[in-house]
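Order of the sequence lines sets the chain letters (A, B, ...), proteins ahead of strands, with each chain counted from 1.
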Amino acid sequence: MSLTDCKGIMVVIETAGGAAKSVGLEMLTPAKEIANAKNTDVTAVMIGEGLDDAAKQAASYGADKIITVDNNDLKAYSEKHSAVLTSLIEKYKPETVLIGATQNGKDIAPIVAGKLGLGCVTDVVAMKLDANGKIVFTCPLYGGNILADETIETVPQIATVRGGAFKKGEADGTKSPEEIIIAEDMPCGDIKTVIKEAVKEISEAVNLEDAQVIVSGGRGMGSAENFKLVEELAQVLGGVVGATRAPVEDGWISRAHQIGQSGKIVAPKLYIACGISGATQHVTGMIGSDYIVAINKDEDAPIFDIANVGIVGNVMQVIPAMIEEIKKIKA
Amino acid sequence: MEILVCVKQVPDDSQKVVLNGSGQPAIDKITPVANAFDTYALEMAARFKEANGGTITVVSVGSEDNKTSLKNCLAVGADKAYVVTDAAFDGSDALSTAYILSKTVEKIEAVDNVKFDIIFCGKESTDYTTALVGPELAQKLGAGVVTCVTELKLNADKLEAKQETEDGYNIIETSMPAVVTITKPNYDPRYPTMKSKMAARKKEIPAFTAADLGTDASMVGAANSVVKTISLSEPPKKQAGIKINEKTFEETFAKAMAVMTEAKIF
């Protein structure tokens, strides 16, 4: 593919249960800004089954064109999705491909990048144009303690974008895209992997990425029973429950709640860390929070270095008292 | 089964990395270790070998220093180790590293007269966390790839991988050769014993250079990498917070509530 051939921004929108995932719609915001500045357009791509509603969503959030590849074979994410996306990139020649940095997004991006020999950056948290109209991607390194501004020399170029890094625009249901391309099937080529079984273990919807308030518990909560206090505090605050690795491994709470290096990356307005020491592996996942409250009996716990308010005390005393006070405030 | 485990040496991820005076990551005083996800990969490879037989080779691209991490790998399950080191490789990005690793696979296969069935990588490294190299290596090799694996079994002539997903898991079957990228399983890597450490110390770790691998000079190193780092910065510092530790719980709590109410966080 030569430089002059490729133009526009392709935003790959992942769907779940027929609806667009949040990060997909969020990416349309920077994509439109960049496309406007470069006088080009934004194409939303959806690969799956039953995509009509998600296509409408993409249109209402401003995609100029929409491509759907909609068939039963593509219902669940698999290697076929990477084959389809590869074919779409070869056919439609975008200059930039943005993909949500979900687990599937981080699976498909390097496969496609490797197949086509394209440069790829991961977990983008900001984008801007340089003087030459190249996109500068900001990516976190070393657990988010350092930010790297990076550019990519290949065209097309691929970036996975972190959920919550950009704000969704205003939906406008009256908008219709310039063009809708429904590609029923794309060649998948040689497929090497087969999903034999897909098991859903986590039935509850745990949406940590979009949460405004998160109350998290660590090893310092002591037991599964004590951990319920974390859940209760989250409930009074209308927040979502988070956890470090220890409570997950000890079975106090499901893996869907884990925040940090092997869990989710979150950025709520309020983060309350209960009995969490503040190991970098956890802090990596929550350092982007606006306001951090830490409760820990060890006054030297590193979590206090990043907390707006550090409460040195026993979680079993502090949390119940907080629950009572907040109930009064909310009453 | 011929097994290769790719290991990156990274600064200990329990230490916070900041920028030094010249704007580069201050990592010279942080202990270099094998990337955590690569240690999980090696442990899974060791268990796979215990179940199915075979040989485990570990390889690391970097400096001569990486031998330290490789020695540790030899003490916890690896049979052989190679280090790939050449100034020409410095600053290679993920795509370039995947290329170097693909040439390394060819080289080891030729030298040891083997064909790798499974290549294990960590799902990402704890320093750059791009999660790109494993799947990109698979494309270079034309191999199948399964990411975020927590269990691996042999099923006749195929591999059966348990892949962690956001709401559960998939059981994925792949032909071999295959690249698997490993995430944290529900066990920890084994510790070396006195005996295994001694044995590891005695083992030679041969080094390969760019010339040994026959890499194309226009595809490696910082200058030929397609992802360019323009600048590094530290995220804006959090405003210094306050730590409340009064004489009694009541005093501490009252003060904390006052601060939080003032900040209108509830």
Trainee: Tell me, for A:P302 versus chain B, whether the close heavy atoms (under 4.5 Å) come from the side chain, the backbone, both or neither.
Mentor: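 Nothing of A:P302, per the 4.5 Å heavy-atom cut-off to chain B.
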Trainee: Judged by atom type as modelled, is there a donor-acceptor pair below 3.5 Å linking the side chain of A:R255 to the main-chain atoms of B:D167?
Mentor: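 Side chain of A:R255 to backbone of B:D167, a donor-acceptor pair under 3.5 Å: no, none is there.
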Trainee: For A:I292, is it the side chain, the backbone, both or neither that has a heavy atom under 4.5 Å from a heavy atom of chain B?
Mentor: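 It is the side chain, since no backbone atom gets that close.
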Trainee: So for B:V146, is it side chain, backbone, both, or neither that comes closer than 4.5 Å to the heavy atoms of chain A?
Mentor: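 B:V146 touches chain A through side-chain heavy atoms alone.
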Trainee: Answer yes when B:E173 and A:K192 have at least one side-chain N-carboxylate O distance shorter than 4.0 Å, and no when they do not.
Mentor: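 Answer for the salt bridge query: no.
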Trainee: Does any heavy atom of chain B fall under 4.5 Å from the side chain of A:S289, the backbone, both, or neither of them?
Mentor: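 Backbone of A:S289 only, per the 4.5 Å heavy-atom cut-off to chain B.
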Trainee: State whether the side chain of A:T151 and the backbone N or O of B:I230 hold a donor-acceptor pair below 3.5 Å, judged by distance alone.
Mentor: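 The answer is no, because no donor-acceptor pair under 3.5 Å joins these two groups.
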Trainee: If you compare all heavy atoms of A:I329 against all heavy atoms of B:F266, which two are closest, and at what distance to 0.1 Å?
Mentor: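 Smallest heavy-atom distance, with atoms named: CD1-CD1, 4.1 Å.
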Trainee: Using non-hydrogen atoms only, which part of A:Y142 is less than 4.5 Å away from chain B: side chain, backbone, both, or neither?
Mentor: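 Both backbone and side chain.
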Trainee: Where the side chain of B:E166 meets the backbone of A:T102, is there a donor-acceptor pair that is under 3.5 Å apart?
Mentor: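 It does not hold such a pair.
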Trainee: Against chain B, label A:D290 side chain, backbone, both or neither, depending on which of its atoms sit under 4.5 Å from a heavy atom there.
Mentor: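 Contact with chain B: backbone only.
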Trainee: Determine the minimum heavy-atom distance between B:P235 and A:G144, stating which atoms define it.
Mentor: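 For B:P235 and A:G144, the tightest heavy-atom pair comes out as CG-O, 3.3 Å.
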Trainee: Output yes when a side-chain donor or acceptor of B:K228 lies under 3.5 Å from a complementary backbone atom of A:I152, and no otherwise.
Mentor: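 Checked: no pair found.
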Trainee: So, B:E136 side chain and A:I111 main chain: donor-acceptor pair closer than 3.5 Å or not?
Mentor: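 Pair absent, no side-chain N/O of B:E136 close to backbone of A:I111.
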Trainee: Between atom CD1 of A:I272 and atom CE of B:M260, what is the distance when rounded to the nearest 0.5 Å?
Mentor: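 Between A:I272 CD1 and B:M260 CE, I get 7.0 Å after rounding to 0.5 Å.
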Trainee: Determine the sole option in B:D13, B:T129, B:T126 for which the side chain to side chain donor-acceptor pair (under 3.5 Å) test with A:Q261 is passed.
Mentor: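 Looking at B:D13, B:T129, B:T126, the match for A:Q261 under the side chain to side chain donor-acceptor pair (under 3.5 Å) is B:D13.
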Trainee: Under a 4.5 Å cutoff for heavy-atom pairs, which residue among B:A256, B:S14, B:A138 has the most contacts with chain A?
Mentor: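 The option with the most such pairs is B:S14.
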